[in-house]
Structures are given as structure tokens and as C-alpha cells.
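Let me begin by presenting the structure, written as C-alpha cells, before commenting on it.
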Amino acid sequence: MNPIIAANWKMNMNINEGLSLVNNILDSSPSKKSQVIFFPPFITLNAISDRLKNTRYEVGVQNIHHEQSGAFTGEISAQMIKSLDVQYAIIGHSERRQFFHETDYQINKKIHNALSANLFPILCIGETLEERESGETSKVLKKQLSSALKDVDSDVKGLIVAYEPVWAIGTGITANSNQVNEAHGFINETTSQLLENPVPILYGGSANADNAAELFQIKNVDGFLIGGASLKSESFCQIIKNIT
Ligand code: PEP
């Protein structure tokens with residue numbers, strides 16, 4: 001399987017900045033072997049997906065609302081996104097869980113809505129530092145997986161899981177090889193019990209050009225979800241080059 005590299009721009013990049021970033025990445029053409037997906041802010045989706053038409057790069061949304069339509073001022077549903085040339089949706093990012101109080105129930109509804117709108121979900125799961133230090137990592141991962149995937153058809157296709165320890169996101173601290181090996185192994189085992197098709201597992205949490213190659217050697221690491229290092233073409237292209 002080709003590595004999957006997802007670029008989560010978060011609340012960064014206006015239209016001109018986003019276009020300039022993808023133009024630089026297209027110019028440096030880092031690899032033909034990886035599957036690269038950009039997650040720009042909503043307002044730039046159209047411009048970025050237009051620019052990437054007829055290229056090998058894909059586009060996704062950073063979030064969707066858990067209902068399909070209705071009186072939810074300021075929100076956007078999977079069904080609305082479907083009219084754009086967008087293939088993926090990040091669901092359950094820890095920043096959404098933490099700052100917007102997203103619940104397991106809402107995350108499960110988002111997964112169902114994404115799938116019914118033909119968006120492939122990238123489901124983010126991960127433990128806090130407190131949970132890790134009290135030995136609850138596996139329990140947390142299992143609960144997040146089983147509640148997010150509740151009533152999802154066992155033959156679902158296109159689902160991706162991102163293991164993102166909360167304490168490693170945006171902190172410059174990366175999970176070490178043992179921690180990644182253990183968590184990815186556990187996620188692989190759990191998803192194989194719940195689902196029939198293999199589920200790629202991405203690592204996210206301060207991944208960068210210096211650590212990506214080593215982390216990519218670990219079993220069950222199928223790629224990366226990258227925040228900070230995806231905002232500059234040099235660091236982003238270097239990650240791609242280092243793992244392909
Ligand atoms: C993320 O936001 O999903 C992420 C992994 O961010 P960073 O790479 O900046 O830690």
C-alpha cells in the first residue's frame with residue numbers, strides 16, 4: 001500500500017496562501033508513490049480542489065456537522081460537501097473533542113453521515129497524557145473506536161484511522177517507536193475484530209521530516225496526519241521524500 005499523507009491545515013491559510021502552498025508542492029513533485037490529501041479550511045476548499053483537479057492529489061474537509069441539515073448556524077454537513085470535489089473528512093480530531101466538546105455520540109453520527117455522503121472518514125483517536133500515565137491508553141482507544149464505529153457496516157470500505165496521542169499534537173513531542181508500535185498494533189487488532197476490510201492507520205502528533213522515516217518503519221504505520229509541518233512546502237515535501 002502506498003503511504004497516505006494527510007495535511008491538516010487547521011485554521012491557517014487564506015485562499016492565496018493555500019494556492020501558493022499547493023503550487024509549490026506541485027512544482028517540487030515530491031513523490032509519485034504516496035497518496036497525499038489536503039485538508040484546507042472550508043472557505044478555500046473550492047479553490048484548492050479546482051487547482052488539484054487532474055493531479056494525483058486529493059482534498060478533504062477538517063470537520064462536518066453531525067446532522068444532515070437544519071437550524072445549526074455556521075455549520076456545514078457532509079451532504080453539503082458532497083457537491084464539491086472532495087473525498088475525505090477528518091472526524092473526531094482531538095481539538096474538536098477538546099475545544100468544541102464533541103462527544104462519542106456526535107462522532108458516531110458524523111461517521112455515518114460521511115459514509116452516506118461518500119466521504120471517506122479519517123477517524124482520529126488518541127489518549128491524553130493523564131490517561132497514558134494512568135495506564136488507560138488501550139481502554140481509551142478501544143472505547144473511542146467502538147463508539148465511533150457503532151452500527152457501521154462491517155464491510156465498510158475507505159475508512160482510515162489516525163492515532164493521535166493528544167499530548168503529541170502541536171507540542172513538538174512525538175510518541176516514541178515503542179508507544180507507536182503498541183498503539184498501532186492495538187488499533188489494528190481492534191479494527192480487525194470489528195471490520196472485515198483492512199483499515200490503514202496513520203500516525204499524527206508532531207511528525208516531521210526528522211522523525212517520519214523512522215516512524216514509517218514501524219509495523220501498522222501506513223502514513224501520517226500532519227499539522228504544523230504541512231504548512232510549509234519544504235517541510236511537507238521533505239516528509240514525503242523521506243518515506244517514499
Ligand atoms: C494534527 O493536528 O492532526 C497534528 C498531528 O498536528 P501536528 O502535526 O502539528 O502535531
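Counting starts at 1 for both ligands and their atoms, in listed order. On a predicted model such as this, the values are computed, not experimentally measured, just so you know.
If you look at ligand 1, the protein residues with a non-hydrogen atom under 4.0 Å away are Asn8, Lys10, His93, Glu164, Ala168, Ile169, Gly170, Gly204, Gly205, Ser206, Leu225, Ile226, Gly227, Gly228.
Within a 6.0 Å radius of CD in Glu131, more than 12 heavy atoms belonging to other residues, nucleotides or ligands are found.
Across Leu159, Asn188, Ile160, Asn220, a single residue satisfies side chain to side chain contact (heavy atoms under 4.5 Å, CB included) together with Pro200, and that is Ile160.
Under the 30°/60° scheme for interplanar angles, the aromatic rings of Tyr57 and Phe38 are found to be tilted. In this structure, Phe224 and Tyr203 have perpendicular ring planes: the angle between them is above 60°, well past the 30° mark.
We find the CG-OG1 distance between Asn211 and Thr174 to be 4.0 Å, quoted to the nearest 0.5 Å.
Defined by atom type and a distance below 3.5 Å, a donor-acceptor pair is present between the side-chain atoms of Asn63 and Lys110.
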